[in-house]
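What follows is a single structure, written as structure tokens, with notes after it.
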Amino acid sequence: MTRYKRFLRWLGLLALFLGLLVLVPRLLIELQWFAQFDSSTVILRRWLFQGLAFVLVLGLGLPLQLQQLRRCWRLRQDSGRKVLRDVPLAPLNAAALVAVLAGLLLLLSLGLSYLMLQARGLILDPFQGQVITGLAAMADLPVWLVLVLVALLLPLLLLWPYTTLRISLAAALAGSATALARGWSLWLPGLLAVPFGEADPVTGLDLSFTVLRLPALHLLVSILLAQVMVGLAGCLWLTFSEGTSLSDLRFPGLSRDQQRVLQPQLAVLSLAAALSYGLSPFNLMVEGSGVASGAGFVDLHIRLPLKLLLAALLLFSGLGLLVPVPRSWFRRVALLPLISTAFTLPVVEWALAPLVQRVWVQPRELELEAPYLKRSIAATRRAFGLEAVREVDLAPKQQLRPADLRSSSGTLANVRLWDSGPLLEANRQLQQLRLYYRFPSAAVDRYPLSDRTAEKGSQQVLVAARELDSSALAKGSRTWLNRHLVFTHGYGFTVSPVNAAGADGLPLYFVKDLGRSGRVQAIPQLGLSQQQVEQALPVGRPKLYFASGASPYAIAPTQVREFDYPEGDLNVYSHYDGEAGVPIHGPLDRLMAAIYLPEPRLLFTGSLTPSSRLLLRRQVNERLTAIAPFLRFESKPYLVTARVDDDPDYRSEHHQYWMLDGFTQSRSYPYSDANPEGIRYFRNPVKAVVDAYNGDVWLYVSDPTDPVLRTWQKAFPDLFRPLQAMPKQLLAHIQVPQSQFQIQAERLLRYHVTDVRTFYNGDDVWAVPEEIYGDRTAPVRPYHVTMQLPGSSRPEFVLLLPFTPLKRANMVGWLAARNDTPNYGELFLARFPQQRLLLGPQQISALIEQDPAISYQFGLWNRAGSKLLRGNLLVMPVGQGLLYVEPVYLQSSNNALPTLVRVVVTDGQRYVMEPTFDQALARLVSAAGSPVPRALTLPGAAAAP
């Protein structure tokens, strides 16, 4: 036995050493990574939170539960001398004993499975935002996992019950401690919750309780219930399998000592269950079952009283088990009502409540559910920021006149003819230059290139970063040295006007090409000078060490030169001189990095220098998520080029920056209707900036009123700066993120209605229209336009989306998000009279195809060898009417290079297709506003230029 213990001791020491060997390098590298942002306190604080939670759970749980198990084991050892009452408690015959032991084994396996999966889920994604639902989640546990544990535990419990249960309890406690440590994403905001300043309609408590504290309580209660269940099942197994119980298949009953030992566990289990049912008002406000989102009539009048009664009885029973009370009195006052209520609750949940809903509520549903529908409408609009939507009623005419164009010159100066899809295809053909370069995305932005910005608005452009994809290197060149030391960064970007094309139909560029052949140029047809373009679009050293796409770690600078760009038949190289990354010049640094990655080649390469640094998390989203994991970030950052020379935190020689939006969200905002992702609260309070060369990160608070962000600011005050501190050169490029706009627009489809009766009847539900994009039908995506909003003479950069009635194609309005200061973030909703037929995008797309001349021309282009692509159909208010614009591209079947060949414009009555937008617009309103032929050219005459 001594040798066995010595072996176990050495095995434990070996496991501890291996654990430290993996953990220490990870902690040190992570600490140095955060140090480059002066954020060491952020990661140390996070580790402190998790470490305290882990130690607290193990420090309290191990002594308490192992001591309890030891008491049960001692009573089992003395089972031959135990004294029973005249009428013993819980005697079991053969069948009952087998059933009880099988049930205890199942409970033990369920509890262990639950805690293991809970810990695993929180390790992998602690910020998934799911509201933990307690033991009901056990019904969703993998059956195979439970059965494997049952098969594993059964023989061990029969042979070595005490040792097996000690190990099981320790494993359960390790799972509980890990889950609560990684669950800091839930309990930390619960502890630091900032008040919302609004009370929920059922309990009167501040909304912060339901939004921020309820998930933490669910996590705590679910883990406590599972842990106590494992401990109680272990003690009961030792008790019911004592002595000759297994051989005789008969348990004589519980002695007084055994009852006293089991009472504390039963009391804790009862109190935890009481707390779980005591949260019913808040759970029902989040997950109701009526026509309203949240608790309805049946929830509050049938389900809630019974659940609260059960919670009270469980509380009373738990206290009765802890405090000595007469047994007969306790049985009459607590146990009998508790058992009755526990058996009644499922009947009420699954039979009585649906019956009341069907028989009593549904015949008078609007009358009974109206207060709850009103709550749901108000809460949903508040949770998604729809209360501040500015609404205006418009009655546009379906015919444009010259006066409309004159009054909307700012809108017409920047009409977008290039979509990101065709432009990226053109970039890949014209600007990619090498296989290992890529243009993963193109973002619409605006730059003040003209002296007439106030009149015509900033020039709208598409910016695409030329990033490097080392996985696209030739197979023989895809070596470790090339991927991590040589091909370390992308180079350059393109800037294209959205409203112009060359004589050949290809996009034009303000910024194009690479290195010494790279050019920043004016475009004469837009009336811009070379000086204006160079001033507004600084290039400098456009090395993109940090990118929007996936990027492996890099080591720079080293003795190996880094590839910059090709110059003819030669390549240009350089060395990184930034300050990003983790130093790895010393032997110990190399060892730590080699274990962290893991990459043993770091120990043997002779290419490192005293200045070498390990560049980690080079993808912008990954970088920001590591720093602020409690925020959800927009999926695609956008590149901004700007000269920031008046802020000491920014380097004047760096001009390229990635900008990204951070969101806060919740799944437990009371009475709010969840969107398809299950989100009930959504805000965009953070603007992030990342230096594309040096990797520096800045987080700016754009919405200081968001209580969720203010809660996280209490935990990490050093992470954030006010938006006013953002350099004005970058502030001019902030945008309302498309994710937020789409979520708000989706909620507005139904929740633009505030009248309860109209909402209940569902006769004013909107939908996102469809259009023909490319060669297939697809939902219209929000698009950027520079336009004059109704009542304004100044053009603005807005994000716009039209709406149609549900299952109908005519247009009922559009939603615009304003991007320019001082009106940034405001939502503008234009409503159209529903008694008038205003053509929607799908109808316009169909009518364009039905026009005889246009359809004939489309057919000519769609012959073998070429492919016609239809761009986004833009709908814009122009004067007193609406203007629909659709670019048309042509693409060879043998070459994916699209060219802009025509522009179709219409006001809903007349359809014009011309080589340029100006020509089409002029013909649309020609002859003093009188109707013109539905096509401008004879069939076949409108050939590609």
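Just so it is clear, the values below take in all heavy atoms, side chains as well, and ignore hydrogens, waters and symmetry mates. A quick note: this is a predicted structure, and the numbers were derived from the prediction, not measured.
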Is Leu485 close to Trp480 at the side-chain level, that is, under 4.5 Å between some pair of heavy atoms?
yes
Indicate the ring-plane relationship of Trp698 and Tyr650, choosing parallel, tilted or perpendicular according to the 30° and 60° boundaries.
parallel
Kindly compute the distance separating OG1 (Thr786) from CG (Leu800), expressed to the nearest 0.5 Å.
11.5 Å
Kindly say whether the aromatic ring centers of Tyr889 and Trp861 come within a distance under 6.0 Å.
no
Do Val798 and Val785 touch side chain to side chain, with heavy atoms closer than 4.5 Å?
yes
Could you pull out the closest heavy-atom pair between Phe37 and Ile627, with the gap in Å?
CE1-CD1, 3.8 Å
Okay, side chain of Thr899, backbone of Val901: is any donor-acceptor separation there less than 3.5 Å?
no
Going by distance alone, is a donor N or O of one side chain under 3.5 Å from an acceptor N or O of the other, for Asp577 and Tyr693?
yes
Please check if the side chain of Glu467 supplies one atom and the backbone of Ser548 the other of a donor-acceptor pair under 3.5 Å.
yes
Non-hydrogen side-chain atoms of Ile734 and Ser702 separated by less than 4.5 Å
no
How long is the span from the CG atom in Leu890 to the CG atom in Leu868, to the nearest 0.5 Å?
6.5 Å
Given 3.5 Å as the limit, does a donor-acceptor pair link the side chain of Tyr783 with the main chain of Val875, or not?
yes
For Trp33, does its backbone N or O pair with a side-chain atom of Gln36 as donor and acceptor, under 3.5 Å?
yes
Look at atom CD of Gln530 and say whether more than 12 heavy atoms of other residues, nucleotides or ligands are closer to it than 6.0 Å.
yes
In short, Ala628 meets Leu699 closest at the heavy-atom pair CB-CD1, 4.2 Å
If we only count heavy atoms from C-beta on, is the His784 to Gln738 side-chain gap below 4.5 Å?
yes
Heavy-atom pair of closest approach, residues Val520 and Val533
CG1-CG1, 3.7 Å
CG-CZ distance between Leu468 and Arg483, expressed to the nearest 0.5 angstrom
10.0 Å
Checking side-chain contact (heavy atoms from CB on, under 4.5 Å) for the pair Phe858/Val888: CA distance, chi angles, key distance, verdict?
CA-CA 9 Å; Phe858 283 1; Val888 180; 4.1 Å; yes
What do the steps show when you test Glu579 against Arg651 for side-chain contact (heavy atoms from CB on, under 4.5 Å), and what is the final call?
CA-CA 12 Å; Glu579 298 177 359; Arg651 299 178 181 273; 3.0 Å; yes
Has Leu124 got more than 12 heavy atoms of other residues, nucleotides or ligands less than 6.0 Å from its CG?
yes
Closest approach of Leu449 to Ala536 (non-hydrogen atoms, all atoms of both residues):
CD2-CB, 3.2 Å
Looking at Asp649 and Arg721, is there a salt bridge between them, counting it only when a charged N and a carboxylate O are closer than 4.0 Å?
yes
Between atom CZ of Phe633 and atom CZ of Arg623, what is the distance when rounded to the nearest 0.5 Å?
12.5 Å
Taking the ring of Tyr447 and the ring of Phe510, is the distance between their centroids below 6.0 Å?
no
With no hydrogens and no angle check, just 3.5 Å: does a side-chain donor-acceptor pair link Tyr509 and Asn427?
yes
Let me know which of Arg541, Arg434, Lys543 forms a salt bridge (Lys or Arg N to Asp or Glu O under 4.0 Å) with Asp564.
Lys543
Is it true that a side-chain atom of Asp820 and a backbone atom of Glu796 form a donor plus acceptor pair closer than 3.5 Å?
no
Nearest atoms (heavy-atom pairs only) where Glu599 meets Tyr553:
CG-OH, 3.4 Å
Given the rule in the side-chain contact (heavy atoms from CB on, under 4.5 Å) test, do Phe663 and Glu634 qualify, once you have shown the distances and angles that lead to the verdict?
CA-CA 8 Å; Phe663 310 112; Glu634 183 81 315; 3.8 Å; yes
Heavy-atom donor-acceptor pair, Ser551 side chain to Gly549 backbone, under 3.5 Å
yes
Look only at the side chain of Gln891 and the backbone of Leu869, and say whether a donor-acceptor pair between them is shorter than 3.5 Å.
no
Are any of the side-chain heavy atoms of Asn414 and Arg446 separated by less than 4.5 Å?
no
Minimal non-hydrogen separation, Asn694 against Ala580, with atom names
O-CB, 2.9 Å
Do Gln431 and Thr494 get their side chains close enough for a donor-acceptor pair, meaning under 3.5 Å?
no
Can you check whether Leu731 reaches Leu723 side chain to side chain, under 4.5 Å on heavy atoms?
yes
Polar side chain donor-acceptor pair, Glu771 to Asn872, under 3.5 angstrom:
yes
Do Glu886 and Met913 pass the side-chain contact (heavy atoms from CB on, under 4.5 Å) test, and can you show the C-alpha distance, the side-chain angles, and the key distance before you say yes or no?
CA-CA 9 Å; Glu886 182 178 86; Met913 183 170 72; over 6 Å; no
In Å, rounded to the nearest 0.5 Å, how long is the span from CZ of Phe34 to CD1 of Ile29?
13.0 Å
Indicate yes or no for a side-chain donor-acceptor contact from Arg590 to the backbone of Thr605 under 3.5 Å, with no hydrogens or angles considered.
yes
Sidechain-backbone polar pair: His575 side chain, Arg561 backbone, donor-acceptor under 3.5 Å
no
Value rounded to 0.5 Å, distance of CG in Leu423 from CZ in Arg428
9.5 Å
Lys687 side chain reached by Asp661 side chain, heavy atoms, under 4.5 Å:
yes
Quick one, Tyr657 and Gln729 - any side-chain contact, counting heavy atoms below 4.5 Å?
no
Backbone N/O of Val539 and side chain of Gln656: donor-acceptor pair under 3.5 Å
yes
